[in-house]
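Presented below is the structure to which this report refers.
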Amino acid sequence: MLLRTLGVALVLIVSLQLGGCASVKVLPESNVAPSVSSVRPSRLIVGEFDFSDATLSGRARGSRAAARIRGELPLALRKELVKALRPLGFEIMPAVPDRLDTRTAAWLISGKFTRVERGSRFLRLAIGFGSGASKVETTVRIEDLKSRSRKTVASFRTTSFSGGDPGLITSIGGSPLDAVGAAVTLATTTGNGPTDDTRRTARMIAAYVSELLAERGWIDPTLVRRAKK
């Protein structure tokens, strides 16, 4: 009982400082007015998301972890972004470097990772409420390939934060079965930190793209998914 009481107090302190739950936010930087970009793209091309200048913080700085993160996250983002864009009704394809076809109206969606914080899965499991949180930040650019100068349609930043849900300490009930159930639930929902953040980021990028397309009248409003800003 004493241990649980201390645990609850600790979680309350952490929650006041770091509260919030897993989320992704879009921070627009520049958008071209819908009237300026008048050619509807026939395809959406998912380009590269560069990782070379990303800042790796905390536990992400270890050599093995860094190598794995650098290899996994760009691939995970592109794969999930292709999947998330498909319901919009356009041809979706990955970009082939240096072989972009500008003869067909298309939007190129690309960008870079700017910051990755791996966090601590143990702390997310045990305490939660922001303790051990992971974070992924990116910058994204959408270009109109049909224009001669590859006009930028929009540029924005994304930031993804995970680990804000309650941890095991406050999720355990009064019986052993409650404890087992809570442990299983938390183990399956706290995920792999930056990898899950990256997948959520891709889905939020797709949501913002759907808003831009809808503003121009190029997709049915029922297909729009609102991006959190």
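Scope of the values below: all heavy atoms of this structure, side chains included, with no hydrogens, waters or symmetry mates.
Of all heavy-atom pairs spanning Pro94 and Ile45, the tightest one is C-CG2, 4.1 Å. When all heavy atoms of Lys135 and Thr159 are compared, the pair lying nearest together is CE-OG1, 4.1 Å. Minimum interatomic distance between Arg70 and Ala54 (heavy atoms only, all atoms of both residues): NH2-O, 4.4 Å.
Looking at heavy atoms from C-beta onward, Val24 lies out of side-chain contact with Val136 at the 4.5 angstrom threshold. By the 4.5 Å heavy-atom criterion applied to side chains, Trp218 and Arg40 are counted as neighbours. Taking the side chain as every heavy atom from C-beta outward, Glu48 and Pro74 never approach each other to under 4.5 Å. Side-chain contact between Lys228 and Val26 is absent, with no heavy atoms from C-beta onward closer than 4.5 Å. Annotation: side chain of Arg225 is not in contact with side chain of Tyr208 (no heavy-atom distance under 4.5 Å).
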* Verify side chain to side chain contact (heavy atoms under 4.5 Å, CB included) between Leu88 and Leu213, making sure each step is shown before the conclusion. => CA-CA 9 Å; Leu88 300 181; Leu213 293 169; 4.0 Å; yes
* Working for side chain to side chain contact (heavy atoms under 4.5 Å, CB included), residues Thr201 and Phe113 -> CA-CA 11 Å; Thr201 295; Phe113 288 82; over 6 Å; no
* **Stepwise side chain to side chain contact (heavy atoms under 4.5 Å, CB included) check, Arg203 with Glu80** => CA-CA 7 Å; Arg203 292 192 289 270; Glu80 188 66 31; 3.3 Å; yes
* Test Ser210 against Ile219 for side chain to side chain contact (heavy atoms under 4.5 Å, CB included), laying out the working first. => CA-CA 8 Å; Ser210 75; Ile219 63 172; 4.1 Å; yes
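Lys83 is linked by a salt bridge (charged side-chain N to carboxylate O under 4.0 Å, His left out) to nothing, counting only residues two or more places apart in sequence or in another chain. Residues satisfying the ring-ring contact (aromatic ring centres under 6.0 Å, His included) test with Phe90, not counting sequence neighbours, are none. For Arg157, the salt bridge (charged side-chain N to carboxylate O under 4.0 Å, His left out) test picks out Glu29, with sequence neighbours left out. Every residue two or more places apart in sequence or in another chain was checked for a side-chain hydrogen bond (donor to acceptor under 3.5 Å, both in side chains) with Ser42, and none qualifies. Residues that satisfy the salt bridge (charged side-chain N to carboxylate O under 4.0 Å, His left out) test with Glu215, not counting sequence neighbours, are absent from this structure. For Arg226, the salt bridge (charged side-chain N to carboxylate O under 4.0 Å, His left out) criterion is met by no residue, not counting sequence neighbours.
The closest donor-acceptor contact from the side chain of Arg43 to the backbone of Trp107 lies at 3.5 Å or more, if one exists at all. Checking side-chain atoms of Arg78 against main-chain N and O of Gly47 turns up a donor-acceptor pair under 3.5 Å. The main-chain N or O of Ser110 is never found under 3.5 Å from a side-chain atom of Arg141 such that the two would form a donor-acceptor pair. The backbone N or O of Glu137 sits less than 3.5 Å from a side-chain atom of Thr114, completing a donor-acceptor pair.
Residues Ser30 and Ser155 have side chains that bring a donor and an acceptor to within less than 3.5 angstrom of each other.
No single ILVMFWY cluster, assembled from side-chain heavy atoms under 4.5 Å apart, contains both Leu81 and Leu27. Under the 4.5 Å side-chain heavy-atom criterion for ILVMFWY residues, no single connected hydrophobic cluster contains both Leu75 and Val82.
Salt-bridge formation is detected for the pair Glu211/Lys229: a Lys NZ or Arg NE/NH1/NH2 atom is positioned less than 4.0 Å from an Asp or Glu carboxylate oxygen.
Glu117 contributes atom CD, which lies 9.5 Å from atom CG of Leu56 (distance to the nearest 0.5 angstrom). How far CG of Leu108 is from CD1 of Ile142: 9.5 Å, rounded to the nearest 0.5 Å. One distance of note links CD1 of Ile69 with OG1 of Thr195; it measures 7.5 Å at 0.5 Å rounding.
Applying the side chain to side chain donor-acceptor pair (under 3.5 Å) test between Thr158 and each of Thr139, Thr138, Asp197 identifies Thr138 as the sole match.
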